[in-house]
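Chain A is the first sequence line, chain B the second, and so forth, proteins listed ahead of strands; every chain is numbered from 1. Nothing here was measured: the structure is a model prediction, and the numbers come from that model.
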Number of protein chains: 2
Amino acid sequence: MLFLGTIENKIDAKGRVSVPSDFRMATKNDSFQGVILYHSFTHKCIEGCTMERMEKLSDATDNLDLFSEENENLNSLIFSDARQLSFDVTGRIVIPMDLIEFAGIKGNALFVGRGKTFQIWDKAEFEKYQAETRQNALKNRPSLSFKKD
Amino acid sequence: MLFLGTIENKIDAKGRVSVPSDFRMATKNDSFQGVILYHSFTHKCIEGCTMERMEKLSDATDNLDLFSEENENLNSLIFSDARQLSFDVTGRIVIPMDLIEFAGIKGNALFVGRGKTFQIWDKAEFEKYQAETRQNALKNRPSLSFKKD
DNA sequence: CATCATATTATGGTATTTTATGGTTGTCAA
DNA sequence: TTGACAACCATAAAATACCATAATATGATG
């Protein structure tokens, strides 16, 4: 299953927030009932995925030379920064404060589906980002077509 | 299976509408019993497809590259706008209000088969669209015109 | 061919469950 | 002991499951 759609939920003072129902459903077949969060390398937002995908990433980096510089960087950048957050009984997680601050989130969190991954934005920041990139993305729209079905 | 034909069904006040039987049949072998809807990038209508197709699209654009901004923007545009809607026991879905408003649908929804995808139109809007494209087609295909004797 | 029976679909209304959210309490470790 | 954090209630609103019926198609039979 995929992370689809855009949902806005409130974050309380403790950083507690409901993960959208559809997003939770997207992980219901996984052994780990929760999500992995880490800061985005390209935008002012939090990125998230399933544990399953993290393991896939790990397998991909395993193919690199153990002592290569690349491997060192990837491991330190991705895995050291990632936190696993499990859902509580009502479907909430507690987002660590440093991630909330990194994304500039105040009060409300925007969950943005991206297929295999998702992002968590401050609403205002997301609108700023969209204004900048939407037209560019539309220009590249022809590349969206399938090569083969 | 393909989405074929054009069927008109009623939408109630909650946005609830029966998906045409033939369209439901087109998804009967999929694991997700429902459809994915998103707003058209080119027309005043809603577009739809199966979850299977979405996953194919995800596989095509997913390259595990955490640092590619282009990849990020592209994924955002498609997946952040998509909603997964499962059929209820009688074969209905609830179309989100913002999509209904985007397409200008009032009362009745026109399901238009397009093979691997389909569209949902307001009837009047669809007829307007058809009239426009017919004229364009005529303009661009002078070879169709009859010779006067 | 007309008519009746049956199955499927479409539609409307209501009841129940799920979700999101806030607040409180318990617990473990620094 | 106190501060951080997880577990535990409680509740309003929203979503969806449920039930009943109408409309349509399908098919059998005399």
Please list, chain by chain and in numerical order, all residues satisfying salt bridge (charged side-chain N to carboxylate O under 4.0 Å, His left out) with A/E125, sequence neighbours excluded. A/K44, A/K128

What is the per-nucleotide protein-contact pattern of nucleotides 6-14 of chain D, from the 5' end, where B denotes a base atom under 4.0 Å from a protein heavy atom, S denotes such proximity for sugar-phosphate atoms only, and - denotes neither? -BB------

In whole angstrom, give the distance that lies between atom CD1 of B/I95 and atom C1' of D/dA15. 16 Å

Evaluate the side-chain proximity of A/F79 to A/S58: yes if any heavy-atom separation is below 4.5 Å, no if none is. yes

Could you tell me whether B/S18 contacts a base, only the sugar-phosphate backbone, or nothing, with contacts defined as non-hydrogen atoms closer than 4.0 Å? base

Side-chain heavy-atom pair A/F3, A/T27 within 4.5 angstrom cut-off: yes

Rounded to the nearest 0.5 Å, what's the gap from CE on A/M54 to OG1 on A/T117? Could you check? 10.0 Å

Quick check on the helix from C/dC1-D/dG30 to C/dA30-D/dT1: what's the angle between its two end axes, five base pairs per end, to the nearest 10°? 40°

Just to be sure I understand the geometry, which residues of residues 97-110 of chain B put a non-hydrogen atom under 4.0 Å away from DNA chain C? none

Using nucleotides 26-28 of chain C, report all nitrogen or oxygen pairs with the protein that are shorter than 3.5 Å.
none

With a cut-off of 3.5 Å and sequence neighbours excluded, list every side-chain donor-acceptor pair involving residues 91-113 of chain A.
unit_1: A/R92; atom_1: NE; unit_2: A/T90; atom_2: OG1; d: 3.4
unit_1: A/D98; atom_1: OD1; unit_2: A/R83; atom_2: NH1; d: 3.1
unit_1: A/D98; atom_1: OD2; unit_2: A/R83; atom_2: NH2; d: 2.6
unit_1: A/K106; atom_1: NZ; unit_2: A/G104; atom_2: O; d: 2.9
unit_1: A/N108; atom_1: ND2; unit_2: A/E8; atom_2: OE2; d: 2.9

Using atom CG of B/N9 as one end and atom P of C/dA10 as the other, report the distance to the nearest whole Å. 5 Å

Check whether any side-chain heavy atom of A/F23 lies under 4.5 Å from a side-chain heavy atom of A/V35, and answer yes or no. no

If the condition is side chain to side chain donor-acceptor pair (under 3.5 Å), which residues does B/H43 pass it with, not counting sequence neighbours? none

Got a sec, which pairs hit salt bridge (Lys or Arg N to Asp or Glu O under 4.0 Å) with one end in residues 12-41 of chain B, sequence neighbours left out? B/D12-B/R16

With a 3.5 Å distance limit and no angle check, can you tell me whether A/T6 reaches the backbone of B/S80 through a side-chain donor-acceptor pair? yes

Grab the CD1-P distance between B/I7 and C/dA10 for me, whole Å please. 8 Å

What are the residues of residues 22-33 of chain A, sorted by number, that bring a heavy atom to within less than 4.0 Å of DNA chain C? A/R24, A/M25

Parallel, tilted or perpendicular for B/H39 and B/F41, by the 30°/60° rule? perpendicular

Hey, is CD on A/E52 packed in by over 12 heavy atoms from elsewhere, all under 6.0 Å? no

Nearest 0.5 Å, please: how far is CD in B/E47 from CG in B/D81? 10.5 Å

Side-chain donor or acceptor of B/N9 paired with backbone N/O of B/S18 under 3.5 Å: yes

Non-hydrogen side-chain atoms of A/F32 and A/Q84 separated by less than 4.5 Å: yes

Pairing residues for B/L4 by the side-chain contact (heavy atoms from CB on, under 4.5 Å) criterion, not counting sequence neighbours: B/L2

Report yes if a side-chain nitrogen or oxygen of A/S21 is closer than 4.0 Å to either non-bridging phosphate oxygen (OP1 or OP2) of C/dT18; otherwise report no. no

Cluster companions of B/M1 among Ile, Leu, Val, Met, Phe, Trp, Tyr (side-chain spacing under 4.5 Å): none

Can you tell me the distance, in whole Å, between the CG atom of A/D12 and the P atom of D/dC5? 13 Å

